[in-house]
Amino acid sequence: MKQNNLWQETSQEKLTSKVLEGTVESDITIVGGGYTGCSAALTAAENGLTVSLIDQQIGYGGSGRNVGLVNAGLWLPPEKVEGILGKKGGVKLNEALATAPDLVFNLINKNNISCNADRAGTLHCAHSQNGLKDIKNRYRQLSERGAELKVLDKNETELVTGSSSFQGALLNEKAGTINPLSYCLGLARIAQSRGANIFESSLATKIEFHNNEWITHSEKGLIKSKKILIATNAYLKGISGIPSAKYTPVFYFQAATKPLPKEIIKNILPKYHGCWDTATVMSSFRLDYDNRFIIGGIGNLGQNISKIHSSWAKRKAYSLYPSLKNIPFDYFWGGEISMTDDHIPKIYRFGKNAYSIFGYSGRGIGPGTYFGKSIAEAFYNENEDSLPIRPTSSNNQSFSKIKGSFIELGAKINHLI
Ligand SMILES: Cc1cc2nc3c(=O)[nH]c(=O)nc-3n(C[C@H](O)[C@H](O)[C@H](O)COP(=O)(O)OP(=O)(O)OC[C@H]3O[C@@H](n4cnc5c(N)ncnc54)[C@H](O)[C@@H]3O)c2cc1C
């Protein structure tokens, strides 16, 4: 069996685009059409800048493959963020990303993006007593910073998940779920309707700075611009002439059933919350709009679907929900996460008016949309005040395939047991 991505099959948003041919001049070039690139293109176009975005396919990367949990903040709890960035920088980033679900759902509503957005809330589920301590600690930190959350006890968690597997859960009623690829395509469609040039089947192959201009080459054409954003996150495909973003690649995969009848799902996530757990080798689970059950875990499926990970998905689904016994999974697909050393995204300034944004470390729907919007604001305001984090001019992350392989080994061992 080969990988088949549920979101590719169920996306309602469609896009008509061109291939980059000949020479195009724009104020801004954007390389990469995920949330970061599309959100930047939309904001730039809405503010009257000319913008050209190129990719092989909009939503080809993490934005077209993820779980679809629209959460506030980063994976890291806010005290950790403040510890790493210092009080002032940490507070700025925490406050910015606390608003990210509002940004995402408002964009969807305002622009009628068809992505099955459901602001039903998300649940961070405690898989153990230590997990429960973790969510209570997160609750304290986030509540002190104004978030409206609830800690659910074991019984309350069982009521909302339909599973007896958890010791409790942290409920964020302002978060929610989307069809992630549809959201990305919708952003691109709206950006295009505001005047952005969206080019597909067009990979950037070489970028050079010449006569005060960035020249981005693709196979059949080139874009000239004064400003450039590289928004390729974990999916960078060789571009010569500029330094590459460095990160640790971590794989995550998902499996989904066909739409399930009422008698099978009647106790599963009755309020359609999106969920993930506190385990180190974490799992996620949710229903989609048509009642497909979707489970996810860390690991590299490979093109031919790793037996270790696919068997785990079936066992895990059954252990959470006995009614899923013998229900086959029809979809298996995976994606890559770009993890930074400190799990904080980076804005890397690699030249004049030239930035690369990456390293969302597994939470990029809200953050990608926010960072994309902010960099476009920085471009038209011609200052960096709007950026949620200070850009760096050194790219000293460790690109650690070894670290990534170690995480994969841990996931395989965990999924074998
Ligand atoms: C399996 C999985 C599950 C996840 N679950 C969640 C979740 O539930 N919630 C959440 O908030 N986050 C989640 N994330 C993280 C989130 O998906 C990413 O952080 C986010 O999509 C990153 O967006 P982006 O626009 O920066 O990059 P991407 O969406 O990865 O886009 C990068 C784009 O760059 C393009 N590109 C690369 N090289 C070139 C080139 N040379 N020329 C032109 N284009 C190029 C690629 O084709 C790609 O389309 C998950 C990630 C994965 C992989």
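One-based numbering, in listed order, for ligands and for the atoms of each.
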Chemist: Looking only at heavy atoms of I239, does any of them come nearer than 4.0 Å to an atom of ligand 1?
Modeler: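 Heavy atoms of I239 do come under 4.0 Å of ligand 1.
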
Chemist: Could you check whether R349 pairs with E384 (Lys NZ or Arg NE/NH1/NH2 to Asp/Glu carboxylate O, under 4.0 Å)?
Modeler: yes

Chemist: Show which atoms of ligand 1 fall inside a sub-4.0 Å distance from at least one heavy-atom site of L69.
Modeler: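 What qualifies from ligand 1 is 7 (C), 8 (O), 9 (N), 10 (C), 11 (O).
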
Chemist: Answer with yes or no whether G368 contacts ligand 1, where contact means a heavy atom under 4.0 Å from a ligand atom.
Modeler: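 Flag not set, G368 not near ligand 1.
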
Chemist: Give a yes/no verdict on a cation-pi contact between K373 and Y370, requiring under 6.0 Å between NZ or CZ and the six-membered ring centre and an angle within 45° of the axis.
Modeler: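 K373 over Y370 ring: yes.
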
Chemist: Quick check on contacts: which atoms of ligand 1 are under 4.0 angstrom from a heavy atom of I365?
Modeler: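 Under 4.0 Å from I365, ligand 1 has these atoms: 9 (N), 10 (C), 11 (O), 12 (N).
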
Chemist: Out of all atoms in ligand 1, which are within 4.0 Å of some heavy atom of G32? Include the element for each.
Modeler: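 Those qualifying, in numeric order: 33 (C), 34 (O), 35 (C), 44 (N).
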
Chemist: Side chain, backbone, both or neither: which part of P180 has a heavy atom under 4.0 Å from ligand 1?
Modeler: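 For P180, no heavy atom sits under 4.0 Å from ligand 1.
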
Chemist: Considering only heavy atoms, does Y60 approach ligand 1 within less than 4.0 Å through its side chain, its backbone, both, or neither?
Modeler: both

Chemist: For G362 and ligand 1, answer yes if some heavy atom of the residue is under 4.0 Å from a ligand atom, otherwise no.
Modeler: yes

Chemist: Indicate yes or no: does D102 engage R119 in a salt bridge with an N to O separation below 4.0 Å.
Modeler: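 Judged by the 4.0 Å cut-off on N to carboxylate O distance, D102 and R119 do form a salt bridge.
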
Chemist: By number and element, which atoms of ligand 1 are closer than 4.0 Å to a non-hydrogen atom of G68?
Modeler: 8 (O)

Chemist: For the OH atom of Y289 and the CG atom of N116, what is their distance to the nearest 0.5 Å?
Modeler: 6.0 Å

Chemist: Show which atoms of ligand 1 fall inside a sub-4.0 Å distance from at least one heavy-atom site of T232.
Modeler: 32 (C), 34 (O), 36 (N), 37 (C), 38 (N), 39 (C), 45 (C)

Chemist: Below 30° counts as parallel, above 60° as perpendicular, anything between as tilted: where do the rings of F329 and F332 land?
Modeler: tilted

Chemist: Could you tell me whether K226 and E382 make a salt bridge, using a distance below 4.0 angstrom between a side-chain N and a carboxylate O?
Modeler: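 Answer for the salt bridge query: no.
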
Chemist: Show the atoms of ligand 1 that are less than 4.0 angstrom away from any heavy atom in R363.
Modeler: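 Selected atoms, number and element: 10 (C), 11 (O), 12 (N).
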
Chemist: Would you mind listing which atoms of ligand 1 come within a distance below 4.0 Å of any non-hydrogen atom of I337?
Modeler: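 Checking each atom against I337, I get 51 (C), 52 (C), 53 (C).
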
Chemist: Atoms of ligand 1 less than 4.0 Å from Q56 heavy atoms?
Modeler: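 Listed by number with element, the hits are 47 (O).
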
